[in-house]
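Any value given below was found using the heavy atoms of this structure, including those in side chains, with hydrogens, waters and symmetry copies removed. All chains are named by letter (A, B, ...) in the order of the sequence lines, taking the proteins before the strands, and each is independently numbered beginning at 1. What you see is a predicted model; the values in this text were computed from it and never measured.
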Protein chains: 2
Amino acid sequence: MQDDKDRFYRQAQIFKALAHSSRLCIIDRLSRGECTPGELTKLIGSDASTVSKHLAVLRAQGIVRERRAGSEVYYRLLMPCVLGFFDCIAQVHGDQ
Amino acid sequence: MQDDKDRFYRQAQIFKALAHSSRLCIIDRLSRGECTPGELTKLIGSDASTVSKHLAVLRAQGIVRERRAGSEVYYRLLMPCVLGFFDCIAQVHGDQ
DNA sequence: TGGCTGCTTGGCCATATAGCCAAATTATTC
DNA sequence: GAATAATTTGGCTATATGGCCAAGCAGCCA
């Protein structure tokens, strides 16, 4: 009962982290290899601070992880199974 | 480019619909068979109007569909592949 | 028709989120 | 140490969302 409630809550946190087009764009990009916030900022086209906050949201849920290399930071996807979500959705939406 | 933006946006809408513990609870219940809003209201324990609005969110994204039978309404899960999401998350969370 | 039940919609408030700019932080290079 | 570049954090505002209550609508039965 309470366990279920907790589990649903934690799962919902993950979905919430995925529930933004810029963050999906980030995940899509990271599925093809590591990337810096700077590069992602160019890709997405919003302010660097905005992108950084999106990355923080994904980090907080363990979806991505960062690695410092000198003055740069590289992010990588920790939860590749989320890519399967896209297939599921595409199936229903009939797109892609 | 623009297509990608659109696709990410529509996918994000789906994730947004899934990003609430009560709605995940609904999906979990519907994965075991049809159910009325009344039953779901008892299960979740919030106001009937709140549950109805959650169902509207899921309906709008094509995740569930309703069927009228006299004065009652039965909801069913249209997107069973979302259940796979739970496995993915559990895998990472190590729970369940 | 009138009343009942089941469900949805409208209205309102409290809270959360996304975005920008500005400022702080960390590492590099001169 | 100062200047620069990359990233993050703080602060603010605008918008979206969730929740309740109250009201509306649809089907059923007396």
Side-chain angles (χ1 to χ4, degrees), chain A residues 5-6 8-30 33-77, chain B residues 5-6 8-30 33-77:
Chain A
K5 262 204 145 79
D6 283 356
F8 290 138
Y9 178 76
R10 277 176 293 133
Q11 288 174 336
Q13 293 302 107
I14 302 264
F15 286 120
K16 209 179 286 187
L18 298 173
H20 192 284
S21 53
S22 298
R23 292 196 290 266
L24 293 182
C25 184
I26 289 172
I27 288 170
D28 180 69
R29 173 59 189 81
L30 294 186
E34 284 192 336
C35 193
T36 65
E39 212 179 315
L40 292 169
T41 298
K42 274 186 230 142
L43 179 64
I44 292 173
S46 27
D47 194 83
S49 68
T50 300
V51 172
S52 181
K53 282 175 185 172
H54 283 311
L55 287 167
V57 169
L58 294 172
R59 246 187 296 131
Q61 295 304 318
I63 297 168
V64 304
R65 178 176 293 171
E66 93 277 21
R67 159 177 89 78
R68 293 209 71 101
S71 67
E72 289 192 326
V73 177
Y74 288 89
Y75 278 87
R76 73 173 193 279
L77 190 58
Chain B
K5 262 207 145 83
D6 284 356
F8 290 138
Y9 178 76
R10 278 177 292 133
Q11 289 174 336
Q13 294 301 108
I14 302 265
F15 285 120
K16 208 179 286 188
L18 297 172
H20 193 284
S21 52
S22 299
R23 292 197 289 266
L24 293 182
C25 185
I26 290 172
I27 288 170
D28 180 69
R29 171 62 189 78
L30 294 185
E34 283 191 338
C35 193
T36 65
E39 213 181 311
L40 293 169
T41 298
K42 276 186 227 140
L43 179 65
I44 291 174
S46 27
D47 194 82
S49 69
T50 301
V51 172
S52 182
K53 281 175 186 173
H54 283 312
L55 287 167
V57 169
L58 294 172
R59 245 187 296 131
Q61 295 305 318
I63 297 168
V64 303
R65 178 176 295 171
E66 92 278 20
R67 159 177 88 81
R68 294 207 73 99
S71 66
E72 289 191 325
V73 178
Y74 289 89
Y75 278 87
R76 72 174 194 279
L77 190 57

- B:Leu55 CG to C:dT8 P, straight-line distance once rounded to whole Å: 6 Å
- Task: Return the value, rounded to whole Å, for the distance between atom CD of B:Glu39 and atom C1' of C:dG6.
- Result: 13 Å
- Message: Please evaluate residues A:Val57 and A:Arg23 with respect to the criterion side chain to side chain contact (heavy atoms under 4.5 Å, CB included), reporting the C-alpha separation (whole Å), side-chain torsions for both, the decisive distance (0.1 Å), and the verdict.
- Response: CA-CA 9 Å; A:Val57 169; A:Arg23 292 196 290 266; 3.8 Å; yes
- Item | Heavy-atom contact window of chain B on DNA chain D, given 5' to 3' at under 4.0 Å | D:dT17 to D:dC28
- Do A:Glu34 and A:Arg67 meet the salt-bridge criterion of a basic N to acidic O distance under 4.0 Å? yes
- Message: Test side chain to side chain contact (heavy atoms under 4.5 Å, CB included) on A:His20 and A:Leu24; report intermediate values, then the result.
- Response: CA-CA 6 Å; A:His20 192 284; A:Leu24 293 182; over 6 Å; no
- Task: Tell me what B:Tyr74 touches on the nucleic acid: a base, only sugar-phosphate, or nothing, going by heavy atoms under 4.0 Å.
- Result: nothing
- Message: At 4.0 Å (heavy atoms only), tell me whether A:Thr36 reaches a base, stays on the sugar-phosphate, or touches nothing.
- Response: sugar-phosphate
- Item | Per-nucleotide protein contact string for nucleotides 17-30 of chain C (B base, S sugar-phosphate only, - none; heavy atom under 4.0 Å) | SSBBBB----SS--
- Task: Decide yes or no on side chain to side chain contact (heavy atoms under 4.5 Å, CB included) for A:Val51 and A:Ser46, but give the supporting numbers first.
- Result: CA-CA 7 Å; A:Val51 172; A:Ser46 27; 4.3 Å; yes
- Task: Run the numbers on A:Arg59 and A:Tyr75 for side-chain hydrogen bond (donor to acceptor under 3.5 Å, both in side chains), then give the verdict.
- Result: CA-CA 9 Å; A:Arg59 246 187 296 131; A:Tyr75 278 87; 3.2 Å; yes
- Query: Regarding B:Tyr74 and B:Glu72, is there a side-chain donor-to-acceptor distance under 3.5 Å anywhere?
  - Reply: yes
